[in-house]
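Here is the structure we will look at.
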Amino acid sequence: MLKLEGVTVRYGATIAMNEVSMQVKDGEFVTLIGSNGAGKSTTLRAISGLEPVVSGRIIFDGDEIQNGSTQSIIAKGIAHCPEGRRVFPHLTVHENLQMGAYQRFDRQGIRKDTEKMLNMFPRLRERLKQPAGTLSGGEQQMLAIARAMMSRPRLIMFDEPSLGLAPNFVEQVFRLISEIQEAGTTVLLVEQNAYAALELCDRSYLLSSGRVVLDGSAEEMRANPEIRKIYLGG
Ligand SMILES: Nc1ncnc2c1ncn2[C@@H]1O[C@H](COP(=O)(O)OP(=O)(O)OP(=O)(O)O)[C@@H](O)[C@H]1O
Ligand SMILES: [Mg+2]
């Protein structure tokens with residue numbers, strides 16, 4: 001479904017992605033792990049068309065999408081839940097959800113999906129008319145996920161959705177992401193918590209200094225001595 005071939009992204013002299021190749025198959029749950037500054041967010045941003053790709057190709061459903069407009073990439077069926085749960089703080093919960101569907105014109109479908117999201121996230125229903133900025137961190141994360149789902153993506157990318165959340169919220173967010181995948185949406189998750197990531201996913205890529213240094217099934221990754229030592233606490 002999604003394939004990166006030798007993708008390089010630079011910020012001035014910094015090479016944030018160094019010939020990254022990876023793929024996500026239809027229906028899979030893939031995670032991208034690695035330490036701070038490894039290039040995880042940059043990878044998602046490059047896929048979304050938010051960072052210019054210097055060389056290499058990004059292919060989604062057979063079409064090259066590198067350096068395409070974010071709008072055209074969303075229209076192809078890719079949604080991005082960015083780092084730091086960026087909701088529109090002055091818009092209400094309901095308005096934020098509708099923003100997620102701004103490229104859709106099937107009113108009835110939008111209404112149905114809004115209802116579906118509110119069933120999935122009852123807390124959001126209780127706070128529908130409240131400005132999103134007044135929600136707690138965990139609630140804002142739920143809103144960010146629900147908003148991304150409103151575009152009816154085929155591939156949804158999450159950037160560290162558990163960051164800064166209380167343990168019970170973390171569990172809830174991970175459960176929701178698993179449910180989203182089980183319901184048929186392909187998932188690419190960036191996660192600093194390698195332990196949780198490797199519990200959830202089918203396959204994983206380890207990034208280090210902008211390069212893919214290891215990849216394999218969740219099982220293989222969990223068994224890897226290097227991963228155990230550095231990321232799973234021995
Ligand atoms: N806008 C920018 N300008 C310059 N350098 C940047 C910019 N954004 C990221 N970088 C650099 O690119 C590298 C990769 O950053 P990126 O945000 O992709 O890392 P990350 O793996 O998501 O890290 P974290 O786990 O801390 O979120 C880092 O060295 C970072 O300092
Ligand atoms: Mg990041």
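For ligands, and for the atoms within them, numbers begin at 1 and follow the listed sequence. Basis for what follows: all heavy atoms, side chains included, without hydrogens, waters or symmetry-related copies.
The pair D63-K76 meets the salt-bridge criterion, with a side-chain N (NZ, NE, NH1 or NH2) lying under 4.0 Å from an Asp/Glu carboxylate O. Under the 4.0 Å criterion applied to side-chain N and carboxylate O atoms, R125 and E115 are assigned as salt-bridge partners. The pair R45-D159 fails the salt-bridge criterion, with no side-chain N (NZ, NE, NH1 or NH2) lying under 4.0 Å from an Asp/Glu carboxylate O.
Of all N, O or S atoms in E83, the one lying closest to the Mg ion (ligand 2) is OE2.
At a cut-off of 3.5 Å, with distance as the only test, no side-chain donor of T42 or E51 sits close to an acceptor on the other residue. In this model, no donor atom of one side chain and acceptor atom of the other lie less than 3.5 Å apart for Q181 and E179. When only modelled atom types and interatomic distance are considered, S162 and E191 share a side-chain donor-acceptor pair under 3.5 Å.
Under 4.0 Å from any atom of ligand 1, one finds heavy atoms of residues Y11, A16, S35, N36, G37, A38, G39, K40, S41, T42, E83, E160.
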Query raised in the report: Hey, mind stepping through K25 and D202 against salt bridge (charged side-chain N to carboxylate O under 4.0 Å, His left out) and telling me if it holds?
Result: CA-CA 10 Å; K25 292 178 202 140; D202 300 315; over 6 Å; no
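Metal site remark for the Mg ion (ligand 2): S41 contributes an N, O or S atom at a distance under 2.8 Å. Distance check for D159 against the Mg ion (ligand 2): none of its N/O/S atoms falls below 2.8 Å.
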